[in-house]
Trainee: 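Below are the structure tokens for one structure; questions will follow.
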Amino acid sequence: MAARLLDGVAVASQIRAEVAPGVEAFRARAGRPPGLGIVLVGEDPASQIYVRGKLKSAGEAGLRTDLETLPDSATLTDLLTAVDRLNRSDVHDGILVQSPLPGAMGADAERRVFDAIRPDKDVDGFHPVNVGRLVQNRAHLVACTPSGVIELLTRSQIPIAGARAVVIGRSDIVGKPMALLLLHRHATVTICHSRTPDLATVAAEADILVAAIGRPGFVTPDFVKPGATVVDVGISSLSDRVTVERLFPAGSKRRETFERRGSVTVGDVHPLVADVAGALTPVPGGVGPLTIAMLLKNTLTAAVERAGWAGGVGA
Ligand code: NAP
């Protein structure tokens, strides 16, 4: 069996097209575009690429975007000061602080920054108020990656209600909100992590299997019930030839990419899973583009709600 590929690029462009008229209507009514402030600390190359992608998409969607960059040597106080400025700004409706933060800021820096962002501008959905609302199934600002996965499943006509769902990974930013969103849509959900015994057997019970681990090719065909939907959230850049050769046969497109560039982007799901799964998200081109589309959607939502237009921009 060859799995149906779930096209994240196409669904993300649908979502962006739906956001565009809302952005225009907001601009017409408010006299300014919805604004997104991004803070990037340090020079992590992957973070720089992610931030560039977010700025480009937000600009194309008609949002105002402002990037504040802080050096690697910035202190947590410097970062909290930048967040405070954006919290007070009238023209910024959404605030995003790019993870990861430099290790020197301390182990609890990310949590302290997420706590400091105003909940009504928290377009990443990481503030405890928004997480609490998510638990109660009444959140408006939900973490972008898991809400993008739900959009992809729904718009690809994958039934969620009544499905057995297994989420591998229990992080605050992907695994936990993913599990809650599936639960709210009436899936029966199991969350697995590094201490789960016999992981493959548990995963193989899933109609919907979500892998959010960060380990290239970890989910092999024995993790997958034939015909299941497999969502690969993982993104890793692989430059280790032995692993690349283990995952991708000579002559395959991914192997050619590796030979050309010296690295290749891979997910948590082994390529051979495509022979067992019924539907599968590719990496790249699966979940990644949806994360950005949902960021734009969240920024518009935050702008409309902050303006007090509860019924939407046209109300
Ligand atoms: P994270 O905070 O490192 O969490 C990884 C999770 O995987 C943890 O819960 C960990 O379990 C679990 N895990 C690690 N090794 C495992 C193993 N051998 N068996 C079972 N579980 C294991 O990572 P994250 O932030 O959730 O991100 C996960 C992946 O998604 C990364 O590749 C990241 O780059 C990617 N990501 C992609 C997008 C996107 O837009 N597509 C967005 C965000 C993240 P413990 O809790 O027990 O340690």
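Counting starts at 1 for both ligands and their atoms, in listed order. When reading the values below, keep in mind they use all heavy atoms of this one structure, side chains included, and skip hydrogens, waters and symmetry mates.
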Trainee: Could you check atom 29 (C) of ligand 1 against the protein and tell me its nearest heavy-atom contact, residue, atom and distance included?
Mentor: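 Ranking protein heavy atoms by distance from atom 29 (C) of ligand 1, first comes Gly214 N, 3.7 Å.
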Trainee: Check ligand 1 against Val287 and write out every atom of the ligand that is under 4.0 Å from a heavy-atom position of the residue.
Mentor: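 Counting from 1, the qualifying ligand atoms are 41 (N).
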Trainee: Does the N or O separation between Gly175 and ligand 1 drop below 3.5 Å for any pair?
Mentor: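 No, Gly175 has no N/O under 3.5 Å of an N/O on ligand 1.
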Trainee: So, regarding Asp268 and ligand 1 (criterion: nitrogen or oxygen to nitrogen or oxygen, under 3.5 Å), is there a contact or not?
Mentor: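 Such a contact does not occur with ligand 1.
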Trainee: Any chance the side chains of Thr81 and Asp84 put a donor and an acceptor closer than 3.5 Å?
Mentor: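 No - no donor-acceptor pair under 3.5 Å links their side chains.
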Trainee: So that I can tick it off, tell me whether Asp93 and Lys121 are bridged by a salt bridge, with the cut-off set at under 4.0 angstrom between side-chain N and carboxylate O.
Mentor: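 Asp93 and Lys121: not salt-bridged.
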Trainee: Quiz question: by atom type and distance under 3.5 Å, do the side chains of Ser237 and Thr265 form a donor-acceptor pair?
Mentor: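 Their side chains do not contain a donor-acceptor pair, so the 3.5 Å distance test is not met.
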Trainee: Could you check which of Met294, His193, Arg195, Met178 puts a non-hydrogen atom nearest to atom 20 (C) of ligand 1?
Mentor: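 Looking at heavy atoms only, the winner is His193.
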Trainee: Just jot down the ligand 1 atoms closer than 4.0 angstrom to any heavy atom of Ala212, in number order.
Mentor: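 Checking each atom against Ala212, I get 5 (C), 6 (C), 7 (O), 28 (C).
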Trainee: With side chains defined as the heavy atoms from C-beta onward, is the minimum distance between Leu181 and Leu134 less than 4.5 Å?
Mentor: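 A side-chain contact exists here, since the closest heavy-atom pair is under 4.5 Å.
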Trainee: Heavy-atom contacts under 4.0 Å between Thr291 and ligand 1: side chain, backbone, both, or neither?
Mentor: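 Answer for Thr291: side chain.
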Trainee: Is the shortest distance from a Lys or Arg side-chain nitrogen in Lys253 or Glu259 to a carboxylate oxygen in the other one below 4.0 Å?
Mentor: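 Looking at Lys253 and Glu259, the cut-off is not met.
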Trainee: Just to be sure I read this right, does ligand 1 sit under 4.0 Å from the backbone of Thr145, its side chain, both, or neither, counting only heavy atoms?
Mentor: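 Under 4.0 Å from ligand 1, Thr145 contributes side-chain atoms alone.
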Trainee: Can you tell me the protein heavy atom closest to atom 26 (O) of ligand 1 and the distance?
Mentor: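 Protein heavy atom with the smallest distance to atom 26 (O) of ligand 1: Ser171 OG, 2.5 Å.
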Trainee: With heavy-atom distances below 4.5 Å as the criterion, would you say the side chains of Leu79 and Leu101 are in contact?
Mentor: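 A side-chain contact exists here, since the closest heavy-atom pair is under 4.5 Å.
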Trainee: Please work out, at 4.0 Å between heavy atoms, whether the side chain, the backbone, both, or neither of Ile173 comes within that distance of ligand 1.
Mentor: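 Side chain only.
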Trainee: Any side-chain heavy atom of Phe114 sitting closer than 4.5 Å to one from Ser99?
Mentor: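 Answer yes - side chains close enough.
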Trainee: Which class fits the ring pair Phe26 and Trp309: parallel under 30°, tilted 30 to 60°, perpendicular over 60°?
Mentor: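 Because their plane-to-plane angle lies in the 30° to 60° range, the rings of Phe26 and Trp309 count as tilted.
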Trainee: Tell me which protein heavy atom sits closest to atom 8 (C) of ligand 1, plus the residue, atom name and distance to 0.1 Å.
Mentor: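 In this structure, atom 8 (C) of ligand 1 has Arg170 N, 4.0 Å as its nearest protein heavy atom.
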Trainee: Quick one: look up the protein heavy atom nearest atom 34 (O) of ligand 1 and list residue, atom name and how far away it is.
Mentor: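 Here the nearest protein heavy atom works out to Ile235 O, 3.3 Å.
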Trainee: Return the CD1 to CG distance between Ile95 and Asn87, rounded to the nearest 0.5 Å.
Mentor: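 Ile95 CD1 to Asn87 CG: 4.0 Å, rounded to 0.5 Å.
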Trainee: Does atom 10 (C) of ligand 1 have a protein heavy-atom neighbour under 4.0 Å away?
Mentor: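 Not a single protein heavy atom is under 4.0 Å away.
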Trainee: Between Arg306 and His92, which heavy-atom pair has the shortest distance, and what is it?
Mentor: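 Shortest heavy-atom contact: NH2-O, 3.6 Å.
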Trainee: Name the option, out of Ile191, Thr281, Thr196, Ile213, that contains the heavy atom nearest to atom 5 (C) of ligand 1.
Mentor: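 Selected option, by shortest heavy-atom distance: Ile213.
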Trainee: Under 4.0 Å from a heavy atom of Phe218: give me the atoms of ligand 1 that qualify, with their elements.
Mentor: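 Here the atoms of ligand 1 in question are 17 (C), 18 (N), 19 (N).
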Trainee: Measuring from Arg52:CZ to Ile38:CD1, what's the distance to the nearest 0.5 Å?
Mentor: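 Going from the CZ atom of Arg52 to the CD1 atom of Ile38 covers 12.5 Å.
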Trainee: What atoms in ligand 1 come closer than 4.0 Å to a heavy atom of Leu199?
Mentor: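 Answer, ordered by atom number: 19 (N), 20 (C).
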Trainee: Can you tell me the protein heavy atom closest to atom 37 (C) of ligand 1 and the distance?
Mentor: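 Its nearest protein heavy-atom neighbour is Val233 O, 3.1 Å.
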Trainee: Using a strict 4.0 Å cut-off to heavy atoms of Val174, name the atoms of ligand 1 that fall inside it.
Mentor: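 Numbered from 1, ligand 1 contributes 26 (O), 43 (C), 44 (C).
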Trainee: Report, in ascending order of atom number, the atoms of ligand 1 lying under 4.0 Å from any heavy atom of Gly169.
Mentor: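 The atoms of ligand 1 under 4.0 Å from a heavy atom of Gly169 are 6 (C), 7 (O), 9 (O).
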Trainee: Can you name the atoms of ligand 1, numbered from 1 with element, that are less than 4.0 Å from a heavy atom of Arg215?
Mentor: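 Listed by number with element, the hits are 14 (C), 15 (N), 16 (C), 18 (N).
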Trainee: If hydrogens are left out, which of Gly288, Ser194, Ala46 has an atom nearest to atom 47 (O) of ligand 1, that is, the closest non-hydrogen atom?
Mentor: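 Of the listed residues, Ser194 has the closest heavy atom.
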Trainee: Going by heavy atoms in the side chains, are Val219 and Val224 under 4.5 Å from each other?
Mentor: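 The answer is yes; the side chains approach within 4.5 Å.
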Trainee: Val113, Leu67: one ILVMFWY side-chain cluster at the under-4.5 Å cut-off?
Mentor: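 No, because Val113 and Leu67 fall into different hydrophobic clusters, even though each may have its own neighbours under 4.5 Å.
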